[in-house]
2 protein chains.
Amino acid sequence: MSPTARTVPTTSTTACAGRRAAGGRDWLERAEEALTAAGRRRGEARRAVLELLNNQACALTAIEIEDALRTQRRVSRASVYRILEELEELGLVQRVETGQAMVRYERVADQHEHHHHLVCGGCGVVMPFSDEGLERAISSLSERVPLTVSEHEIVLRGECRDCAA
Amino acid sequence: MSPTARTVPTTSTTACAGRRAAGGRDWLERAEEALTAAGRRRGEARRAVLELLNNQACALTAIEIEDALRTQRRVSRASVYRILEELEELGLVQRVETGQAMVRYERVADQHEHHHHLVCGGCGVVMPFSDEGLERAISSLSERVPLTVSEHEIVLRGECRDCAA
DNA sequence: CAGTATATAAGATCGAGTCTCGTTATTGTT
DNA sequence: AACAATAACGAGACTCGATCTTATATACTG
């Protein structure tokens, strides 16, 4: 079995370690406003997805979102993807590639609660991190490169403490 | 259509811009040696893949490899993936996630011709880059993180000059 | 409250990647 | 050089994340 394409044992909402997001209240409100401003109607499926994303500390996959909502309100897979795409276009959500063969999504923080990801190759757990020095290096670099850089993504891979033990 | 899952218009071997890799002679030899040392036999399919990878400046997808070889020697898709996996295990090839819904592979340079990637969201072109300051920031960061970091990957996304024009 | 457009659900479909298994080819041995 | 033994390979079925299609339900507008 290929090490990176393995089935990652993620228990839906615990895929990304770390404290459950606390002060996301603003994000939910901001999201609702942005959607209304964009001329969108309200729907229960989308509201459920928004609420779930608002309570996450880190990125979820579409399937994890579908599973997590199954108990409270069945949301079709197509809807999950459609909603995530809308939210991404409005800059409310961002895609995260962790090298696990599926895309993860997370809400875009109000200010710059900007972060990147640590991925354990053993158990598949995903953890957020951020670093000032790294961001400085990136932004200075972005000036000297033959591309108008609009986003960047950094993934550190290795073994978490549990797996290394 | 989702912007990142779009079908990227890559013409097989030109997927990764930049001069065709020049001094790859050593890599090919090194690869052959490593494979022999690992007790592997020789096969035509693998030799074809090795030669192709040796002439690339940057990362290719498995499908691109299959297509590129189609004219000279038909190599089964399963073989391409199996060969790439072997090479990855031996540290001769590395996987690259560019956020384009498929994995790319490239040879691992002899010394530290270590590099990362710029991806144009418009045309899908992938370009290599490297930066000392960035590497320093990463390695100092790797010490302070709750993970034994073994690899890292950085992708800058934006618009290339042609697409921005 | 009727009309209309958006939101959603269900399921077909797509495609990258994986798996199985029968065939071919390399290599060490005689 | 013929011969096993076994690794390398090819063809195609299969998996599963993601997308597309279409019919229905629901939210706004007048």
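Each chain gets a letter, A, B and so on, in the order the sequences are listed, and its residues count up from 1.
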Student: Apply side-chain contact (heavy atoms from CB on, under 4.5 Å) to the pair B:L141 and B:V149, showing each step before the final yes or no.
Tutor: CA-CA 10 Å; B:L141 167 65; B:V149 178; over 6 Å; no
Student: Take the protein atom CD of A:E88 and the nucleotide atom P of D:dT19, then report the distance between them rounded to whole Å.
Tutor: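 My rounded result for the distance is 10 Å.
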Student: So A:H114 and A:H152, would you call those rings parallel, tilted or perpendicular, with 30° and 60° as cut-offs?
Tutor: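 Ring orientation, 0 to 90° scale: perpendicular.
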Student: For B:L92, is there any backbone N or O sitting under 3.5 Å from a side-chain donor or acceptor partner on B:W27?
Tutor: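 Side chain of B:W27 to backbone of B:L92: a pair is present.
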Student: Name the residue closer to the 5' end of DNA chain D, choosing between B:V75 and B:G39 according to the nucleotide with the nearest heavy atom.
Tutor: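 Looking at the nearest nucleotide for each, B:G39 comes out on the 5' side.
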Student: Is B:Y81 close enough to C:dT18 that one of its side-chain N or O atoms is under 4.0 Å from OP1 or OP2 there?
Tutor: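 So the side-chain polar atoms of B:Y81 never come under 4.0 Å of the phosphate oxygens OP1 or OP2 of C:dT18.
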Student: Check every strand shown and say whether B:R40 touches a base, only sugar-phosphate, or nothing at a heavy-atom separation below 4.0 Å.
Tutor: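 The answer is sugar-phosphate, as B:R40 gets under 4.0 Å only of primed atoms, P, OP1 or OP2.
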Student: Between C1' on D:dG17 and CD1 on A:I65, what's the gap in Å once rounded to a whole number?
Tutor: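 Going from A:I65 (CD1) to D:dG17 (C1'), I get 13 Å.
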Student: Rounded to the Å, how far apart are A:M102 CE and D:dG17 P?
Tutor: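 Computing the A:M102:CE to D:dG17:P distance gives 7 Å.
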Student: Side-chain contact, heavy-atom cut-off 4.5 Å: A:V93 with A:I83?
Tutor: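 In short, these two side chains do not touch, never coming nearer than 4.5 Å.
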Student: When you check the phosphate oxygens OP1 and OP2 of C:dT8, does a side-chain N or O of A:R82 lie under 4.0 Å from one of them?
Tutor: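 So the side chain of A:R82 is within the cut-off, an N or O lying under 4.0 Å from OP1 or OP2 of C:dT8.
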Student: Test your reading of the model: is there a side-chain donor-acceptor pair from B:E66 to the backbone of B:V80, 3.5 Å cut-off?
Tutor: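 No.
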Student: Grab the CZ-P distance between B:R95 and C:dA16 for me, whole Å please.
Tutor: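 After rounding, the gap between these two atoms is 15 Å.
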Student: Could you check which of C:dT8, D:dG17, D:dC9 has an atom nearest any side-chain atom of A:I83?
Tutor: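 When the side chain of A:I83 is considered, C:dT8 is the closest of C:dT8, D:dG17, D:dC9.
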Student: Less than 4.0 angstrom between a side-chain N/O of B:R46 and OP1 or OP2 of D:dA8, yes or no?
Tutor: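 B:R46 to D:dA8 OP1/OP2: side-chain N or O found under 4.0 Å.
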Student: Rounded to whole angstroms, how far apart are CD1 on A:I63 and P on D:dA18?
Tutor: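 Computing the A:I63:CD1 to D:dA18:P distance gives 6 Å.
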Student: Indicate, with a heavy-atom threshold strictly under 4.0 Å, whether B:A78 touches base, sugar-phosphate, or nothing.
Tutor: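 If one applies the 4.0 Å heavy-atom cut-off, B:A78 turns out to touch a base.
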Student: Just by modelled atom types, is the B:G124 backbone N or O under 3.5 Å from a matching donor or acceptor in the B:Q100 side chain?
Tutor: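 Yes; at least one donor-acceptor contact below 3.5 Å.
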Student: So, is A:S76 close to the C:dA10 phosphate, meaning a side-chain N or O under 4.0 Å from OP1 or OP2?
Tutor: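 For A:S76, the contact criterion (side-chain N or O under 4.0 Å from OP1 or OP2 of C:dA10) is not met.
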Student: Let me know the distance between CD of A:E86 and P of D:dT19, rounded to the nearest Å.
Tutor: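 Atom CD in A:E86 sits about 14 Å away from atom P in D:dT19.
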Student: Where each residue is assigned the nucleotide of DNA chain D containing its nearest heavy atom, which of B:G43 and B:R77 is assigned the position nearer the 5′ end?
Tutor: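 In this pair, the answer is B:G43.
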Student: Roughly, in whole Å, what's the span from CG in A:L35 to P in C:dT8?
Tutor: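 Spelled out: CG on A:L35 to P on C:dT8 is 10 Å.
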Student: Can you check the B:E85 CD to D:dC9 P distance for me, whole Å?
Tutor: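 Nearest whole value for this atom pair: 14 Å.
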Student: Assuming nearest nucleotide by heavy-atom distance, tell me which of B:R41 and B:V103 is located more 5' along DNA chain C.
Tutor: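 Of the two residues, B:V103 wins.
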Student: Over all strands shown, is A:R47 touching base, sugar-phosphate only, or nothing at heavy-atom distances under 4.0 angstrom?
Tutor: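 If one applies the 4.0 Å heavy-atom cut-off, A:R47 turns out to touch nothing in the nucleic acid.
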Student: Considering only C:dA10, C:dT8, C:dA16, which nucleotide approaches the side chain of A:R74 most closely?
Tutor: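 Nearest listed nucleotide: C:dA10.
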Student: For B:R42, answer base if it contacts any base atom (sugar-phosphate contacts may also be present), sugar-phosphate if it contacts only those atoms, and nothing otherwise; contact means non-hydrogen atoms under 4.0 Å.
Tutor: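 Contact class for B:R42: sugar-phosphate only.
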